[in-house]
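Within every chain, numbering begins at 1; the chains are lettered A, B, ... in the order of the sequence lines, protein sequences first and strands thereafter.
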Amino acid sequence: MKKTVIGLNLKYFLPAMAAALIGCISLFLPFVKTEGKWISLFSVCGRLGGSRADFLLYGAGICMFLSAVLALFSFVCTKKGSVITWQIVQVFGTIFMTLLIFSSKAILESSGVSTAFLNRQLGIGYWLGLIVSYVTLFLIMRITKTNAGYVPLTILSIIWLFPILWIVMTAFRAEQGYYVGYFIPHGFTIQNFIDLFSNPGVLPFGRWWTNSMIVALCGCCFNTMIILMTAFILSRTRFQGRRAFMNILMVIGMFPGFMSLVAVYNILKGLGLNQSLAALIIVGAAGAAMGYHVTKGFFDTIPKALDEAAIIDGANRFQIFTRITLPLSKSIIVYIMLGGFLGAWSDYIFPSMLFGDKQSSYTAAVGLFWMTDFRRIDTYYTQFAAGALVVAVPIVILFVWLQRFYVEGLSGSVKG
Amino acid sequence: MADRQDKKVKEAYRDRNFVTIFTRGDIFSKLSYVLCGLANIRNGQVIKGCLFLLLEAAYVLFMIRKGASLLSGLGTLGTNTQGMVFNEEIGIYEMIQGDNSMLILLSGVVAVVITAAFAALWLFSIFSGEHARARRAAGRHVNTFVQDVKSLFNDNIHFSFLAIPVIGLGIFTVMPLLYMILMAFTNYDSEHQPPGNLFDWVGIKNFITILSTSDRLSATFWPVLGWTLIWGVCATFTCYFGGMFLAMVINSKGIRFKKFWRTIFVITYAIPGFISLRFVATMLGERGIFNVLLQKWGFTQSPLPFLTNVSWARVSVILINMWIGIPVTMLMVSGILMNIPGELYESARIDGAGPFTMFRKITFPYMWFVTTPYLISNLIGNFNNFNAIYFLTGGAPNSLDYFKGAGKTDLLVTWLYKLTKDSNDYNLASTIGIMIFVISATFTLITFTRSNAMKNEEGFQ
């Protein structure tokens, strides 16, 4: 290619065109093996039986063919517009080709071409077409200088959202039960949510949710205070035994935490606090100091000169803490509060051990887990999904809203 | 003038240590080794000295009334078994309340911790008295009680700020830990359950059984340890590189709506782990949605044993852990990626480096340099990644070759939890806990030597 067009990188034009042509050729290669004979995608098109997914087959064929035509057209008349059109067609072609792998079974079985179809019966025509369609897409994106990252991002997003989508679908599903043979519910309802809250005798979910909220809010406040104070002392002051204190904390932290839960339980019993929400809050706050690292790292990045200036102005350490350090640490405070809230909100092990069978003080985590017991899962599966949504939604909102602080807090610590 | 006096005080104070305070001190200093705070009282800090004395009196009273017997109970862990004893006076068998070894051990630990706290107070009072004496001897002002209290907001702010964390950690972390560590040296297993039975010290027998005998226990321990290490390494590195890749893609030039993409991935992180993991576990079941769809789409004819076959289950948990872990790394790495100086890439591009070369020569070395400590702590975290295993498989598939209830995907921690919760073999659980500690400590030591080495080569930028 000797031509130059502004906005296009024509170095990749010939490979892309070659790939598009190979993609077109692959349509005529054996697509599927049936009754011992290989037939191509085109001949399958002629024998379709009216499945809902048939359009994918047509779409893939048409797009791949169009893509080759557009490649030749762009070769003759290289314009930005023509290449962009080519890219769009290729995007659709790639999507259709990819979706075919999920719908071939439905298409082929409804058309009677194949019975008891398995994907491994797909032939070279399909696999070559699939690979080549991606290669073509990447090459065209090179020509148009589009970031190819969109392709993996899209695929990964779908994988990542799939289970979440399933939770949402299940929560709104009208048909009860665990085992369903389809992804999209046949009927949508909000009855699951209503059941969740309207049956306090058997399933006091509202109570559990409130319990969780109380514990998480209190835990969040106390933990944040304790962590901030500890981190401030360890970062901004020097005293005898400071290193020793940090080392002791590190050593304690290396023991698996719930090794000692039994003992904690007995101590709480001795203090008369077992089976109460206060115990959860107290134990959470008692161990909070262990998580001082990130905050200390953040405080370390605040210039010492600020403290010194304040001392010259006659401030004491306490005032430095409240008037200088804290106002400068908004992002890290949000970070710890979020962490404290999340930690208490989703803690399962300790509450489950603490409350045993005292259902009325369960937190939402313990309660939800109780619902997934194999004896109950079939009855409560959709309600479990609804409960999971009720529990997860506040966190997701918080998280998406405060994401910036989270990144800042974390990266601040690493820098320090 | 004041400076010189300060120096004098410091010098007078410096060569004093725990021994020399006694040998070189006056009669009050010497006596304050027995009666805490006497030196403070003598040197003008009456209230402080009296407080020390009062606390000492309280401790002594506690030891006389209770503590001594509690401590001595630690030696035997109880001698009277609960049971029926013939009462000759009445002529019938009576149920007698035996000793409860567990409570004896626990209260013994409480007494030990109180004693340790007192020892700290005792040392503190000695040094505090010496400090007051040195200042007075040098003719400097000795702090009054009110000034001492005020200093809690200034020079001594660490006492007031750390008081709550230290007390909290002492009661709810250190004391239980001591208790559990001691338990590793007893035979408190399912057959020695108080209050019906006593348990006793057995030395390091538990460690020997777990580590070296050809017993079923060690035949469980070593494979579980092996899987724990494999899991830790796989889980850490898949998430690390996956997260790095994702962060690089999202942060690369030309990707629009960065925040939107990030949010999509962050959602999995924001949903509490127990929910998403429990749900994924149900989805992977034999008749779960994954198997249903895979059959419907023609990938397989019979359901795949995602969580029931050993190898499948092990691969599944690692993959699902990627689903949870990659967004975490992505968030963390995003911050660091933005910190890499852009000129490095600029000059590399001028020199003709492609994207892969740039990753290999710039991005990766930089990331590796910054994140090694994070990586190691992540590795330790994954060795102890209770949630991922417990909520997904619960350790299943179980194996008959393994000790009670342990399964093929069990990590040391989940096995530990099962031992405490299901079979009440506390001594074994504690022994395993100590093993986990040893592993974590080894890796932490490696980090420390590594990161010290890295501090010396700060010339990366």
Under a 4.5 Å heavy-atom cut-off, does chain A meet the side chain of [X], its backbone, both or neither?
X: B:Leu177; value: both
X: B:Ile264; value: both
X: B:Tyr390; value: side chain
X: B:Phe153; value: both
X: B:Met330; value: neither
X: B:Val109; value: neither
X: B:Ser107; value: neither
X: B:Ile255; value: both
X: B:Phe290; value: side chain
X: B:Lys253; value: backbone

Can you tell me which of [options] forms the most heavy-atom pairs within a distance under 4.5 Å of chain A?
options: B:Leu419, B:Val413, B:Thr282; answer: B:Thr282
options: B:Met180, B:Met248, B:Lys259; answer: B:Met180
options: B:Ile275, B:Ile250, B:Val249; answer: B:Ile275
options: B:Ile181, B:Leu294, B:Leu178, B:Val333; answer: B:Ile181
options: B:Leu412, B:Leu416, B:Val438; answer: B:Leu416
options: B:Leu105, B:Val110, B:Asn384, B:Ile326; answer: B:Ile326

query = How far apart are the closest heavy atoms of B:Phe299 and A:Leu118, and which atoms are they?
reply =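 The pair with the smallest heavy-atom distance is C-CD2, 4.2 Å.
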[atom1] of [X] to [atom2] of [Y]: how many Å apart, nearest 0.5 Å?
X: B:His158; Y: A:Gln240; atom1: NE2; atom2: CD; answer: 9.0 Å
X: B:Ile164; Y: A:Met229; atom1: CD1; atom2: CE; answer: 5.0 Å
X: B:Lys258; Y: A:Leu153; atom1: NZ; atom2: CG; answer: 10.0 Å
X: B:Trp261; Y: A:Ser157; atom1: CH2; atom2: OG; answer: 4.5 Å

If I measure from the heavy atoms of chain B, does [X] come under 4.5 Å with its side chain, its backbone, both, or neither?
X: A:Thr322; answer: neither
X: A:Tyr265; answer: neither
X: A:Ile101; answer: both

Criterion side chain to side chain contact (heavy atoms under 4.5 Å, CB included) on B:Thr420 and A:Leu261, from CA distance to verdict = CA-CA 9 Å; B:Thr420 51; A:Leu261 284 187; over 6 Å; no
inquiry  = Between A:Tyr150 (side chain only) and B:Arg256 (backbone N and O only), is there a donor and an acceptor less than 3.5 Å apart?
reply    =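 Such a contact is found between A:Tyr150 side chain and B:Arg256 backbone.
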ask   = Are any side-chain N or O atoms of A:Asn266 and backbone N or O atoms of B:Leu103, one a donor and one an acceptor, separated by less than 3.5 Å?
value =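 No: the side chain of A:Asn266 does not pair with the backbone of B:Leu103.
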request  = Sorted by first residue and then second, give each side chain to side chain donor-acceptor pair (under 3.5 Å) pair with at least one member in residues 286-297 of chain B; sequence neighbours left out.
outcome  =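 Listed once each, the pairs would be none.
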key: Residue pairs passing the side chain to side chain donor-acceptor pair (under 3.5 Å) test where at least one lies in residues 432-445 of chain B, sequence neighbours excluded   =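 Sorted pair list comes back empty.
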CZ/A:Phe245: more than 12 non-hydrogen atoms of other groups inside 6.0 Å =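 More than 12 heavy atoms, drawn from other residues, nucleotides or ligands, come within 6.0 Å of this atom.
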Over 12 foreign heavy atoms within 6.0 Å of CZ, A:Arg120 =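 Open: at most 12 neighbouring heavy atoms sit under 6.0 Å from CZ of A:Arg120.
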ask   = With A:Tyr348, which of B:Phe386, B:Phe391, B:Tyr417 fulfils ring-ring contact (aromatic ring centres under 6.0 Å, His included)?
value =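 Testing each of B:Phe386, B:Phe391, B:Tyr417 against A:Tyr348, the sole residue satisfying ring-ring contact (aromatic ring centres under 6.0 Å, His included) is B:Phe391.
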key: Choice from A:Ile267, A:Leu271, A:Val391, A:Thr237 maximising heavy atom contacts with chain B below 4.5 Å   =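 Heavy-atom pair counts peak at A:Ile267.
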query = Are A:Leu156 and B:Phe265 close enough that some pair of their side-chain heavy atoms sits under 4.5 Å apart?
reply =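 Counting from C-beta outward, A:Leu156 and B:Phe265 do come under 4.5 Å.
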